[in-house]
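All remarks here apply to the structure that follows.
It should be emphasised that the depicted structure is a prediction, and the values quoted were computed from it without experimental measurement.
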Amino acid sequence: MKTLGLCTLAALSLSACATGMNGGTMGNTQNNVVTQYPVEATLLNIYTKARSESLVATVGNQSASADIKVTPKGQMTYNNKTVQGTEINTINKVNNQVTNQSVAINYFTVDPLVFHGFTDSTGKYSLSNQTTAIPKMATVGASSSLITENVYADRSMRKKIGTYNQSWSLTRDSNNTAWFCIDTSSNLLLNVDPEGTSSECYKINAQGDILASKVTISQPSNNGTNTVTFTSR
């Protein structure tokens, strides 16, 4: 899955792959407390429906933003497989001036939801190995590995430039909302300055609808780790 590009301190990629409809599944409730949330429907809502979103952060004395547009592309062919595709267009700004634009297409199949990889406007080509099945429902407090992704410089796959692990977790926000987070590891190919980690989190309700989002980027620096959090507005 392609992590989205929030290029202010460095490259960020927001995972994205999937297509489908909101399942409308309700979690179990006791005393009006939702204890389960629909994981697969949440991923479908995040990455397959046409939507626009703006994320903002303050970096030092500068304002940074990422304008994100998600566009379903329909049936496509990827790595000799018939799949679905979703385009993610990200425009990065610092002090309201455009600094970078990235376009990626994520490839996936549904029933069950499986991620296959991504391509982007720099030529990168990835192959995803889904390590565990995505559950329909999960209980607050649950977490699991998701995929291992190998990223290549181009579709010839002669030069591997990155390997990343992704996992998900579900934590309580309120009696009827939760935070669903996707964490991406540092580049496992690099022993020094492995490009940092990212965590993208979505506040959801019992149907898996997206109510808010935030993306945290942590990168190594000479003084330890720099962390910046982008939040939806």
Next on the checklist: Go through it in stages, so that I can follow the logic: the residues are Gln166 and Asp183, the test is side chain to side chain donor-acceptor pair (under 3.5 Å), and I'd like the CA-CA distance, side-chain angles, deciding distance and then a yes or no.
Outcome noted: CA-CA 5 Å; Gln166 291 184 329; Asp183 294 318; over 6 Å; no

Next on the checklist: Applying side chain to side chain donor-acceptor pair (under 3.5 Å) to Ser186 and Thr197, what does each step give before you reach the verdict?
Outcome noted: CA-CA 5 Å; Ser186 57; Thr197 62; over 6 Å; no

Checklist entry - Step by step, would you call Ser174 with Asn176 a side chain to side chain donor-acceptor pair (under 3.5 Å)? => result CA-CA 5 Å; Ser174 70; Asn176 54 17; 3.2 Å; yes

Item to check | Verdict with reasoning, Asn106 to Thr86, per side chain to side chain donor-acceptor pair (under 3.5 Å) | outcome: CA-CA 5 Å; Asn106 295 277; Thr86 300; over 6 Å; no

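Listed for the Asn175 side chain is no donor-acceptor partner under 3.5 Å among the backbone atoms of Asn32. Asp120 places a side-chain N or O within donor-acceptor distance of the main-chain N or O of Thr122, the cut-off being under 3.5 Å. Remark: the backbone N or O of Thr71 is not paired with any side-chain donor or acceptor of Arg51 at under 3.5 angstrom.
Looking only at atom types and distance, the side chain of Thr148 has a donor-acceptor partner in the side chain of Asn165 under 3.5 Å away. For the residue pair Ser144 and Thr132, a side-chain donor N or O sits within less than 3.5 Å of a side-chain acceptor on the partner. Between the side chains of Ser65 and Asp67, no donor-acceptor pair is found at a separation under 3.5 Å.
Residues passing the salt bridge (Lys or Arg N to Asp or Glu O under 4.0 Å) test with Asp173, sequence neighbours excluded: Lys203.
The two residues Glu149 and Ser128 make their nearest non-hydrogen contact at OE2-OG, 2.7 Å. Between Gln36 and Thr139, the shortest heavy-atom distance links the atoms NE2-OG1, 3.3 Å. Looking at every heavy atom in both residues, Arg155 comes nearest to Thr119 through NH2-CG2, 4.0 Å.
The structure places NZ of Lys73 at 12.5 Å from CD of Gln84, a figure rounded to the nearest 0.5 Å. With rounding to the nearest 0.5 angstrom, the OG1 atom of Thr171 is 8.5 Å from the CH2 atom of Trp179.
Checked for salt-bridge contact, Asp154 and Lys124 miss the test: no charged N lies under 4.0 Å from a carboxylate O.
Within 6.0 Å of the CZ atom in Arg233, the count of heavy atoms belonging to other residues, nucleotides or ligands exceeds 12.
Proximity of the aromatic rings of Tyr78 and Tyr125 is defined here by a centroid distance below 6.0 angstrom, and this criterion is met.
Sorted by first then second residue, the disulfide (SG to SG under 2.5 Å) pairs that include residues 75-185, not counting sequence neighbours, are Cys181-Cys201.
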